[in-house]
Amino acid sequence: MSTFVLLTVTGLGLGAMYFLIASGLSLIYGLMGVLNFAHGAFITVGSYGTWWASVHVFEGVHSSLWRWLLSALLGLVLGGVFAALVELILIRPLYARHIEQVLVTVGLQLAFVALVTGIWGPDPKTFVVPPWLHETTDLGGAHIPNDRWIEIATAAVVLALLQLFLRKTRYGLIIRAGVENRAMVQALGIDVRKAFTLVFAIGGVAAAIAGVLSGVYFNVVGPEQGTSLLIFAFIVVVIGGLGSIGGSAVAAVVVGLTQQYTNYYGSSGVGDIVVVLLLGVVLLMRPRGFAGAVVGARA
Amino acid sequence: MIANRRIVLDWLWPLVAFGALAFVPKLGFSIPKLFDQPIDSPGTLALLAACLLYGGLALTYDIQFGFTGLLSFGHALYIAVGAYIANIAITDWHWSFWPSILFTMGVAFLLSVLLGFVSLRVGGIAFAMVTLAFAQAGAVLALKDPHHWTHGEEGLGADYTKLPKAFVGIVNTKNLYWLALAFVAVVFFIVRWTVDSSPGRIWQAIRENEQRVEVLGLRPRAYKLQAFVLSSTLAAVGGIVYMLLYSGSTLVVTEPNFTLSLLLMVVIGGAGSRWGAVLGGILYTYLDDRLIAIGNSSAVEGLPHALRTPIEQPLFLLGVIFILIVVFLPGGLAGLVVRGRMSGLRRIEAAVRPGVDAA
């Protein structure tokens, strides 16, 4: 029983990171039709930005909690700014040329990983975090590492904030309308391109949060880490239905839990393959994903 | 007259070009700046063989991408099937050479039919993600090695006693060169023949406008599956050549980045152009190899750290070149020569535009 509880909480923690990455990917795809490979770079900006800030900027801060929080905050800002710049400089000039936009993000992702490897080396960097995060809390007889709670809580907060933003604000309304029918939004005289930069910035911040949390979850950050997380986030986006935040959240939980359970009760690596099989099954049953109706309405 | 000209352009020139390349191992001189060693030395021949192999692999990818408009991120899976299954059959199961090759081809064919059938249920970008996921499953399988066949991160060195004698040892590098040349030539002529056949024309019609093909009463999915299976099976042949050329299989061929590098080659050379894809593959492989050599040279040692870092990372430079080509030259290098029509990436646009999903 205690193992099951531990696996469940860990799976939810993993799912939380998948959701943070997938939500941005899904919004960007839903609004602009861009499969953003550079999302992996946003994750890396977040994780390396935080690591760099904690070593070079906030090294004098004594409280490890504040040092971590301040560094993470800087990492998030960097992630958001970097993502917005990518949209403005690389994506915007290729407006309405989807294949070229996708390829540019692929090139950026590859070049960025190479650059980070070149500057800071291929070895993983250890993360300075408050010691409390590495202690455990007992729940149902299981010793659960505290960082799992932070990951789950952060994802829940981000999900709530995103839903509030999308449902209650004017820009949220424009983005939702744009996902449904972009041409109509433009026909109403609204400059939908501002929303493009905005979803990139939001996606960049969310991915940077995932980067910071992955540094806690895995204890280290490495240049390739973003890419491996990105692949599972892609699976989550497809299973959840492209363009749907709610669908991504459900799919992220399903994928994270499935991966943890099968990796433990099966053997190591089985979880990854089961997740891919799950993707195959979902595609055969519902080619548009869980929340298919949302995307279906756009066609 | 026009028909004659096409025959000359499409069949005679390639024959002349590939025929001329066959004499390369007989050249005794050296080209100082381009290659460190004489042309007929094993080192240079191995590099040239790798260039030709990647030229052929890039062209197999272009069957899906440039000619049919299918953006796959999982092509590496089939190359890995070629490189690993053949090697596992030979080295782990102690089969003899030819049965292993036939078995590998059968596996590649069946796997591509099965996975193609599932992944072609979705179109455009979703197809790209699904193929990526399947390839990732293959990569995990090769890494975790549940049956102790692939030897995980160590890679699997081929049992050379079972390989044809002509392909073993440094002395025989020239034979490997000819093998790689034969591979790229065979792929080239198969592509030349198929894209001009009636199914091949439908592939290109699907790339331009899938709905119109459907309205004509044809089933785009069946034709897309054809292109996918042909491309994947030829990729597996390339995987076998890879295994022979590097005398073993390593995890590199299973990784998502391997597919992405093929994508880079095709786009740099020119998507939907036979010569473009082959030249893109050759150029990319050559630069990838030589940029490392330049990065390690004494001239670069003296540069400040900020300048040296990008040069030491070939993928950084190649990625930047790729981005510049996508933005400024969507026809790739082939687009420089062939003018006056929609070239390269522009022709694939309709195939990946969101909303044009396969039902």
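First the proteins, then the strands, lettered A, B, ... as listed; each starts at 1.
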Side chain / backbone / both / neither for A:Leu90 at chain B, heavy atoms under 4.5 Å
side chain
Suppose we screen for side chain to side chain donor-acceptor pair (under 3.5 Å). Which residues come up paired with B:Ser232, at least two apart in sequence or across chains?
none
Heavy-atom cut-off 4.5 Å, strictly under: side chain, backbone, both or neither for A:Val275 against chain B?
neither
Give the C-alpha distance, both sets of side-chain angles, the deciding distance and a yes or no for side-chain contact (heavy atoms from CB on, under 4.5 Å) between B:Val327 and A:Val104.
CA-CA 8 Å; B:Val327 175; A:Val104 159; 4.0 Å; yes
Using non-hydrogen atoms only, which part of B:Leu71 is less than 4.5 Å away from chain A: side chain, backbone, both, or neither?
side chain
Might you point out which heavy atoms bring A:Ala111 and B:Gly319 nearest each other, and give the distance in Å?
CB-CA, 4.2 Å
With a 4.5 angstrom heavy-atom cut-off, which part of A:Leu94 approaches chain B: side chain, backbone, both or neither?
side chain
State the CG-CZ distance between A:Leu35 and B:Phe73, to the nearest 0.5 angstrom.
6.0 Å
Separation of A:Glu224 CD from B:Glu255 CD (nearest 0.5 Å):
7.5 Å
Just checking A:Phe218: does its CZ atom have more than 12 heavy atoms from other residues, nucleotides or ligands closer to it than 6.0 angstrom?
yes
Chain A contact residues among residues 130-142 of chain B, heavy-atom distance under 4.5 Å:
B:Val130, B:Leu132, B:Ala133, B:Phe134, B:Gln136, B:Ala137, B:Val140, B:Leu141
What pair of heavy atoms forms the shortest contact from B:Phe316 to A:Ala114, and how long is it?
N-CB, 3.5 Å
Surrounding CZ of A:Arg92 (heavy atoms of other residues, nucleotides or ligands, distance under 6.0 Å), is the total greater than 12?
yes
Applying a strict 4.5 Å limit to non-hydrogen atoms, the region of B:Val326 in contact with chain A is both
Do you know which two heavy atoms are closest between A:Val238 and B:Met129, and how far apart they sit?
CG2-SD, 3.4 Å
To the nearest 0.5 Å, atom OG1 of A:Thr227 lies from atom CG of B:Asn257 at 6.5 Å
Proximal component of A:Leu115, with respect to chain B [non-hydrogen, under 4.5 Å]:
both
For A:Val34 and B:Ile125, what are the C-alpha separation, side-chain angles and deciding distance, and is it a side-chain contact (heavy atoms from CB on, under 4.5 Å)?
CA-CA 8 Å; A:Val34 178; B:Ile125 294 298; over 6 Å; no
Side chain, backbone, both or neither of A:Leu103 within contact of chain B (heavy atoms, under 4.5 Å):
both
What part of A:Thr117 is in contact with chain B, defined as an atom under 4.5 angstrom from a non-hydrogen atom: side chain, backbone, both or neither?
both
